[in-house]
Amino acid sequence: MDVTFRIRRFNPEVPGKNRPYWQEFTVKDAEETDRVLELMHRIKWEQDGTLTFRRACAHGICGSDAMRINGVNRLACKMLVRDTGDKIQLEPIIGLPVLKDLVVDMEPFFAHYRSVMPFFVNDSPLPADGRERLQSIEDREKFDDTTKCILCACCTSSCPSFWANGEYVGPAAIVQGHRFIFDTRDEGWEERLDSLADPNGVWRCRTIYNCTPACPRGIQVTRAIGEVKLAIQRGKRDGIIKEAAGPIAESNS
Ligand code: SF4
Ligand code: F3S
Ligand code: FES
């Protein structure tokens, strides 16, 4: 089959191309089992070498090729032509500055990621026998889902609350915070909950639910956000979280 691509392009360094515009390409003799990323490579290698996009693993692991495919956030390497049809529209993800064509500046996204301290914190001495810190199977299951995140930004860049206010820490950062907050071996959870109780933290989430279906890893993103909200409310009740932190007023949203 022949597949027609309509691609949102932008090159800030070339006069005439330094405003977003659409360009069409046709890829001939594609198979239904071809992945969108493979056909994008064919465009780049056979038709226009200036077409710019990120990719690395090509197997849904690195999270670098998130983009809007026919209007929804997906990884190009996981989308088959069988699922898109023979007309494919590609745009950069929304809410992050576009650098060139389908490449966005991920730094604001990673700044939010760093703000939740996405690393294990435990300064207590190891058990006397020198073995690792043990954890029950039940406790491990509490954060199993959120360990699967590949930081692709499909969730955060599909969230209208994030589009409206880029200061919102966003679902991906909350998922990363959840992974450590619910780890019984971690001792940094109070600081993380304090940070996520900030007015630009979890309370910016209005349960719009765009994030969960956008996640290529099938993570229950909205549920994880809800669990962090509950943990903050419990922390406030118990006097662990600052009293000033809490749901933002509707007028402040
Ligand atoms: Fe991507 Fe899912 Fe992680 Fe969001 S939660 S960054 S959509 S893997
Ligand atoms: Fe946004 Fe997901 Fe909440 S789409 S508002 S983070 S449920
Ligand atoms: Fe790595 Fe698609 S190229 S996830």
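As the structure lists them, so they are numbered: ligands from 1, and atoms in each ligand from 1. Keep in mind it's a predicted model, so treat the numbers as computed, not measured.
- For ligand 3, the atoms lying closer than 4.0 Å to a non-hydrogen atom of Ala56 are 3 (S).
- Counting heavy atoms closer than 4.0 Å to ligand 2, residue Asn210 contributes atoms from both its backbone and its side chain.
- Residue contact annotation: Pro216 has a non-hydrogen atom under 4.0 Å from ligand 1.
- The CG atom of Asp83 sits 9.5 Å away from atom CZ of Arg74, with the distance rounded to the nearest 0.5 Å.
- Under 4.0 Å from ligand 3, the heavy atoms of Ile61 that appear belong solely to its backbone.
- Taking every non-hydrogen atom of Tyr168 and a distance limit under 4.0 Å, the qualifying atoms of ligand 2 come out as 6 (S).
- Using a 4.0 Å cut-off to heavy atoms of Cys77, the atoms of ligand 3 that qualify are 2 (Fe), 3 (S), 4 (S).
- Summary of contacts: the protein heavy atom closest to atom 1 (Fe) of ligand 1 is Cys152 SG, 2.4 Å.
- Note on Cys211: counted as a metal contact of atom 2 (Fe) of ligand 2, an N/O/S atom lying under 2.8 Å.
- Residue Gly60 has at least one heavy-atom neighbour below 4.0 Å for each of these atoms of ligand 3: 4 (S).
- Below 30°, between 30° and 60°, or above 60°: for Tyr113 and Phe110 the angle between ring planes is above 60°, a perpendicular geometry.
- Using the six-membered ring where Trp is involved, His41 and Phe53 have ring planes that are tilted, between 30° and 60° apart.
- Taking every non-hydrogen atom of Cys154 and a distance limit under 4.0 Å, the qualifying atoms of ligand 1 come out as 7 (S).
- In terms of protein heavy atoms, atom 3 (S) of ligand 3 is closest to Ala58 N, 3.1 Å.
- Annotation: atom 3 (Fe) of ligand 1 to nearest protein heavy atom, Cys149 SG, 2.3 Å.
- Atoms of ligand 1 lying under 4.0 Å from at least one heavy atom of Ala172, given by number and element, are 6 (S).
- Atoms of ligand 1 lying under 4.0 Å from at least one heavy atom of Arg217, given by number and element, are 8 (S).
- With no hydrogens or angles considered, a side-chain donor-acceptor pair links Thr50 and Arg9 at under 3.5 Å.
- Scanning all protein heavy atoms for the shortest distance to atom 7 (S) of ligand 2 gives Tyr209 N, 3.2 Å.
- If you look at Cys62 next to ligand 3, the close heavy atoms, those under 4.0 Å, come from the backbone and the side chain alike.
- Atom 8 (S) of ligand 1 has its closest protein heavy atom at Ile150 N, 3.4 Å.
- Within ligand 2, counting atoms from 1 as listed, the ones closer than 4.0 Å to a heavy atom of Ile225 are 6 (S).
- Protein heavy atom at the shortest distance from atom 4 (Fe) of ligand 1 is Cys155 SG, 2.2 Å.
- Of all the heavy atoms of Ser161, the ones lying under 4.0 Å from any atom of ligand 2 belong exclusively to the side chain.
- Ligand 1 has at least one atom lying under 4.0 Å from a heavy atom of Ala153.
- With a 4.0 Å heavy-atom cut-off, ligand 1 is reached by the backbone of Leu151 but not by any atom from C-beta on.
- Here the protein heavy atom with the shortest distance to atom 4 (S) of ligand 3 is Gly63 N, 3.2 Å.
- What sits closest to atom 2 (Fe) of ligand 1 on the protein, heavy atoms only, is Cys215 SG, 2.3 Å.
- Between the side chains of Ser157 and Asn73, a donor-acceptor pair is found at a separation under 3.5 Å.
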